[in-house]
Every structure is written in structure tokens, then in C-alpha cells.
Amino acid sequence: MSEDKKPNNFIEDIIEDDLNNGLSKDKLRFRFPPEPNGFLHIGHASAICLNFGLGEKFGQPVNLRFDDTNPAKEEAKYVDAIKKDVEWLGYQWDELCFASDYFQELYDWAVQMIKDGKAYVDSQSSEEIADQKGTPTQPGVNGPFRDRSVEENLALFKGMKNGEYGESEHVLRAKINMQSTNMLMRDPIMYRVVNRSHHRTGEAWKIYPMYDWTHGESDYLEQISHSFCTLEFLPHRELYDWFLDQIVAPNKLRPKQREFARRNVSHTVTSKRKLQQLVEQGIVTGWDDPRMTTISGLRRRGYTANAIKNFAESIGIGKRDNLVDMNHLEFHLRDDLNKAADRVMCVLDPIKLIITNYPEGKVEMLEAENSQEDVSRGYREVPFSREVFIEREDYKEEGNKKFFRLKNGKEVRLKNAYIIKGERCIKDADGNITEIHATYDPDSRSSSGTDASMRKVKGTLHWVSVAHALPVEVRLYDRLFTVASPDTDKEKDFMEFVNPESLEVITAMAEPAMKNLAAGDTVQFQRMGYFCVDPDSTEDLMVFNRTVTLRDTWAKLDT
RNA sequence: UGUCCCAUGGUGUAAUGGUAACACUCCGGUUUUUGGUAUCGUCAUUCUAGGUUCGAGUCCUAGUGGGACAACCA
């Protein structure tokens, strides 16, 4: 039972402090609160893992709450997509909540605040309101409607609710302090009129509450003990607390907002606006394009939920600006896939190799292990014959000592088959190699038990029998951006850093057993990387996405 | 010409006033029918200046650098 205790992060410290100060553990409750206005991305994954991870660590519930207070942007289809992504990551929420479920409570509280002189209806234009608000370095001034009577405020607010006014005619504002150093405290807007149909409440409401007025009160209604959000909301905390002050009952739990730094991953963008731009301008094929770092894109690319969760856990959580290198993510991806994926052979850039001393017309079914890591995964049969495809880059007429692959006069092993020796190659008029000739050692068949089969040769190549090869489409992905941080350049737009070679589509030659794979299945193409079957696959043509390459120390030496 | 947040190897995190550590990356060795995996190892870190203290990455002050804040968005 030696549980290796990992050090707490500062969020866990906050919770344990509260526990030590008398908060009972069963009062702990967390939430993940996305706005249903787009797809979740890798940044959200960190927040999901944080909140649901805390739920698991402390054995307490986590709500999934949709922050749906702006009908102009939100749609039911995003609600469904978000639920699917959270589930795919392997988390189960306690209650499924919507801020829109609280519209009536929020309204009633707002009416009470008007009666208490804590809120008023402002009838100015948004420009006038903005003008009076001042700037971060200059205090604001009070507007002309700030001291309206309670009766007038009540009547106007009711009128707003009943649809008697158009958008922008009136807003309800909290009466706080126009001179505050915190701009959010300068009489923030609580309600505005929006003439839109809401994806859940339909036409029932003409006024909609703003984020600040909604979020803390929603936390309170759900009795969330700790409300974690990203650092940009830190200035909102003062207002979060002020709004709570207006409504918290003494016998109820008072939620606490704390902030952490959003995780940025190199070579990606995560703002919805920018992701949308990539989709709209056709840089990618959609929100689930395998090059996108949306959860749905990562899923289609072949990322596993485990890899994402391990990544999130390993990078931890902090308060400083950060840019996590993509290779952290890829490390966890390879780590997980190495254990989970069967091995197969597929030649991406095929060239024909003829074994001149192998009988024409002969076919042998050779046994190949599905995983060197785990023999319990069993074996499959792979057909071998006189003509096979190998990778073009695996042959050189002459190569230096570091080149472990096939060259004239040298031996290599064909994986799970025979040791062959390079003899010569055939070239076309332009000097391009079109065909390689080799001879084989008939006694060297893998696991035949002969002395020859035990011989050590430096290189091992993967191969596919020409007569049995299954042509498949393979989509090779590279990073979508050529620089680590595409959206922080002061002069250049992030679109200028789009990698024009982020996708290469090729036809590869696969071993015949691969035709049994189904969409979503992941395998390792030995020596080449991890690949998964894309849903674009048809009866006639299988399509594979390259999830990630193998670590390749040779490629680095070679260049 | 404001308020607030942040600062530990190339990257991310830990050290809770007491020997600066872990992972990734990089580089190198061993094993290997994947130049993969596994395994061993090397290199490399507390922004600056003062102060408190027997002792400071940690506490205090100032500076420097980075970031947030002026949507009827969240």
C-alpha cells in the first residue's frame, strides 16, 4: 500500500488548507463550466483534468455546467459535442447543469438588489457608459441615472424583462464604485436585453444576465466549494465576492474563486476565433481535422484519453505564463501507444526488391508477433514471396558505417523473415533506382531455430510482399505552425506561420492483415510511427492518419 | 504613467526557513529481429540589489523583466 505521495500543487494546497481550517471534506464540490459556443481544445483538457482530477482525488462530485447566458453565440450542438469530449476523456460528471436553469433565481435576486439600492437601470448608450467608465489609469464618473428611484428602477427592469424595450435601450447595473481601481467594480452591467432565441429557454427571456452576475451565483446555487478558473479572471474575483455578499445565506457554503495559469502548448493556437479562422479559410478541413488541437481533432488524429490525461497531470498547474513544448505531449502519447498498439508492417515509400535466388511463384506464410512488448497479444501470418516492397530510404548502393540498412554486399534481416544480401540495383534513364536485387540465406528464416536464423545482423527492415500488398492512403501530418508560439508575434499575424507542409497524402503498401482494422483502431507501422484508421476509409480504400512518428535518432544523424 | 499577478536548467513542475529535485528535450553507453521500447549515464537551474535570520529559491523592500485589466462576450 505504499502510495507514492506526489507533491501537492498550489490548488491542492488551497483545498487542504480549507480542510484543515474546518471545511468538512464532504462539502467539497467542483465544476467545469464551458460556454457552449465552440469546440473544446487541449487547453480545456487541462481544466477538465484539473477539476475532475480533484473530484477523483478527494472523492467528491464534479458538475458539468454550461455557462449559457449569451444566446447570440451558443448552440445546442456545442452542448452535445462538449459532453462527448468530456466523456471521451473518461470523466463522469455528477450533475449536468445550465446557467440558464438559474435565470429565475438570478432575476429575483436582482429585483431584491434594486430594492436594496444596490442596482439601477441605466438608459444611456454603450458609448456613453464606456466613456464614464474611465480607463485603467483614470477613475470613472457617475452617470446621470445612477440615483434613479427604486420604483422607477423596478418598473424599468420589469419592462426590460417583459420585452417592452429594444436591445441597448436600458441595462441593469450594480451600484458599486465608479472610482474603483478595478474597472470591473465600476458599476458592472448585470443584465442586457437580447432579442434572440435561447437554445434552452427559447423565447421565455428577453433579458440575459452577464457572466459576472451569473457565475458566482451559479456556483453558490450548486454549492460549489472551489471555483477554479484561468488567471485572466483574477480581477473578477473582487466582483465575484461582492455579488456573493449580496445573496449568501449564513448557513450555506460560500464558494471560493481561485485562478491558475492557462496551459499553452507550442506550435498551436487555442483561441476559438483563431481556430475558426483556420477552418473558414480552408487551412484545415474542419474542427476535427487531425492537425487541430481540439479534443475532437486530437481524437481523430489517434491521441488517447490516457495520453492527454497523463500529459495534463505531468505538466502540473501553476500561476506563471508558460509554453509547454509539444514534445511533452508526444512523449505521453508514444508512451501510451507503445503499450496499446499492435505492430504491423507498412511501406510508405515503396521500392521493389527482388530476391533472385528465391523460387518464383513460392509463397510462405511467416509468423509475426503483434507486439514485442507483450507476447500475449499473439501472432499473425504475413505472406512472403520473391518480390517485396521495402522503403526507398532503406537502400543505398554504398553507405557509410553508420548506415545500418541495405547496401550492396551487406546483409540485413527482413523482419520476421530472412537475412538478405544486397547485390545490385536497376536504374532508369535518369539514374533513379527502380528495382533492387538481393539474395537470401535460405537457412536464416526467423525463429526456425537454425544456427543461421540466430545470426546477428546490424539492420532489420520492414517489408510487404508485392503480390499481397494492400494499397492504402496515408495522411502524414506535421505541425500546423512553423514556430513555437504563432500568436504572440508583435508584427506578424499567426496565419503567416501556418506550415504549408502540414499535410502530405501518399499511397502506401500495407500487409494484408491490416484490412481487418476498423475506423479508430491504432497500430504501429514498425519503424515508422503510430497510425490510426480514419473514418474517411471506404470498402475500397483504407485511410490512415499518422498519429505521431517514432522517436528517430537516425533521422537526426542523417540531416 | 494606476491597480493587480508572475519570475527555479532549453521546456514544464517540486523543494511549505535547513544538502536545489523530478519529468521532457539534448548528448553518450548497454540491450534489441523496430536506429522503437527498456536500462544506465553526462550536461544544465534559483532575474538583480539590499535587508531579516545561525541559515533565504522560500520572508521583507526596491529595481528589472513578463503578463492581466477600459465587450450590453465568457
Side-chain angles (χ1 to χ4, degrees), chain A residues 6-10 13 33-35 37 67-70 72-74 122 125-126 129-131 133-140 167-173 180-184 186 189-194 208 210-212 214-215 229 231-238 259 261 263 266 272 314-332 334-335 338-339 343 345 368-369 371-373 402-405 412-417 419 446-447 453-462 484 524-529 549-558:
Chain A
K6 290 184 18 192
N8 275 357
N9 59 46
F10 82 99
D13 283 344
E35 181 187 17
N37 70 341
D67 226 332
D68 55 347
T69 58
N70 184 0
K73 289 190 176 174
E74 294 147 7
D122 196 331
S125 69
S126 62
I129 290 174
D131 278 349
K133 214 163 194 173
T135 70
T137 54
Q138 287 175 312
E167 294 185 4
S168 292
E169 281 187 59
H170 306 285
V171 291
L172 183 74
R173 291 229 257 170
S180 171
T181 52
N182 183 350
M183 299 228 21
L184 289 157
R186 322 238 261 228
I189 292 171
M190 295 171 66
Y191 276 96
R192 78 287 208 191
V193 174
V194 181
Y208 290 89
M210 300 287 286
Y211 166 84
D212 287 294
T214 308
H215 204 92
C229 58
L231 233 35
E232 72 220 68
F233 288 97
L234 199 153
H236 293 250
R237 188 152 111 197
E238 191 181 1
E259 309 81 14
R263 315 313 319 217
S266 75
K272 260 165 210 163
S314 84
I315 61 175
I317 205 78
K319 293 181 79 170
R320 21 197 271 225
D321 294 340
N322 59 81
L323 184 64
V324 185
D325 201 294
M326 182 83 101
N327 61 35
H328 276 96
L329 218 200
E330 292 182 341
F331 166 79
H332 289 286
R334 291 189 182 108
D335 190 47
N338 179 47
K339 289 173 248 169
R343 273 61 169 167
M345 293 195 287
E369 69 280 6
S371 172
Q372 290 85 339
E373 304 298 307
K402 289 225 174 129
F403 187 78
F404 301 163
R405 307 176 183 187
V412 294
R413 175 171 290 282
L414 293 177
K415 176 74 180 167
N416 299 124
I419 292 174
S446 291
S447 58
S453 72
M454 314 285 212
R455 285 167 51 211
K456 301 287 181 195
V457 290
K458 190 69 179 168
T460 301
L461 309 185
H462 61 283
Q524 184 195 94
F525 291 0
Q526 288 185 101
R527 303 208 300 138
M528 305 311 291
T549 61
L550 262 25
R551 259 183 92 236
D552 190 352
T553 44
W554 163 250
K556 286 172 203 156
L557 291 175
D558 199 29

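Just so we're on the same page: letters track the sequence lines, and every chain starts at 1. The shown structure was predicted, so the numbers you read here are calculated from the model rather than taken from an experiment. Any value given below was found using the heavy atoms of this structure, including those in side chains, with hydrogens, waters and symmetry copies removed.
- Separating the CD atom in A/Glu35 from the OH atom in A/Tyr211 is a distance of 11.0 Å, to the nearest 0.5 Å.
- The shortest heavy-atom contact between A/Gln138 and A/Arg186 is O-NH2, 2.7 Å.
- Side-chain atoms of A/Arg413 do not come within 3.5 Å of backbone N or O of A/Lys456 as any donor-acceptor pair.
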Revision key, fill the gap. A correct 5'-to-3' footprint of nucleotides 13-25 of chain B, with B, S and - meaning base, sugar-phosphate only and no protein heavy atom under 4.0 Å, is SS-B------BBS
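- As judged by a 4.0 angstrom heavy-atom cut-off over every strand, A/Glu259 is placed among residues making no nucleic acid contact.
- A/His236 and A/Asp212 get closest at one heavy-atom pair: ND1-OD1, 2.7 Å.
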Exercise for review: Summarise how protein sits on nucleotides 69-74 of chain B as a single string, 5' to 3': B when a protein heavy atom is under 4.0 Å from the base, S for sugar-phosphate-only contact, - for no contact.
Suggested key: BB-BBB
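- Spacing between atom CD of A/Glu373 and atom C1' of B/rU33 amounts to 14 Å, rounded to whole angstrom units.
- Between A/Lys415 atom NZ and B/rU34 atom C1' the separation is 6 Å, expressed in whole Å.
- Side chain of A/Ser446 to backbone of A/Ala417: a donor-acceptor contact under 3.5 angstrom is found.
- Rounded to an integer number of Å, the gap from NZ of A/Lys458 to P of B/rG35 is 10 Å.
- Between the base of B/rU33 and the side chain of A/Ser446 there is a donor-acceptor pair shorter than 3.5 Å.
- B/rA62 is paired with B/rU48 under the criterion used here, namely a Watson-Crick or G-U wobble arrangement in which both key atom distances are under 3.5 Å.
- In terms of polar N and O atoms assigned as donor or acceptor, the side chain of A/Gln372 never comes within less than 3.5 Å of the base of B/rU33 in a complementary pairing.
- Nucleotides B/rG12 and B/rU19 place their C1' atoms 24 Å apart, quoted to the nearest Å.
- Nearest-nucleotide positions on RNA chain B for A/Thr137 and A/Met528 put A/Thr137 closer to the 5' end.
- Across all strands shown, B/rA15 has no partner, as no Watson-Crick or G-U wobble contact with both distances under 3.5 Å is found.
- Within the 4.0 angstrom heavy-atom criterion, base atoms lie near A/Phe403.
- Nucleotides B/rA62 and B/rU3 place their P atoms 11 Å apart, quoted to the nearest Å.
- Distance noted for atom P between B/rG57 and B/rC43: 22 Å (whole Å).
- Residues satisfying the salt bridge (Lys or Arg N to Asp or Glu O under 4.0 Å) test with A/Arg343, not counting sequence neighbours, are none.
- Here the P atom of nucleotide B/rG36 and the CD atom of A/Glu369 are 17 Å apart, to the nearest Å.
- Contacts of A/Ile419 with the nucleic acid, taken as non-hydrogen atoms under 4.0 Å apart, are absent.
- Taking the C1' atom of each, B/rA15 and B/rA74 are spaced 37 Å apart, rounded to whole Å.
- Pair assignment for B/rC24: B/rG10, on the basis of Watson-Crick or G-U wobble contacts that are both within less than 3.5 Å.
- With hydrogens and angles ignored, a donor-acceptor pair closer than 3.5 Å exists between the side chain of A/Arg413 and the base of B/rU33.
- Separation of atoms OG1 (A/Thr69) and CZ (A/Arg192) is listed at 5.5 Å; rounding is to 0.5 Å.
- Checked by atom type and distance alone, the side chain of A/Ser266 never pairs as donor or acceptor with a backbone atom of A/Leu323 at under 3.5 Å.
- Pair assignment for B/rA68 gives B/rU3, based on Watson-Crick or G-U wobble hydrogen-bonding distances that are each under 3.5 Å.
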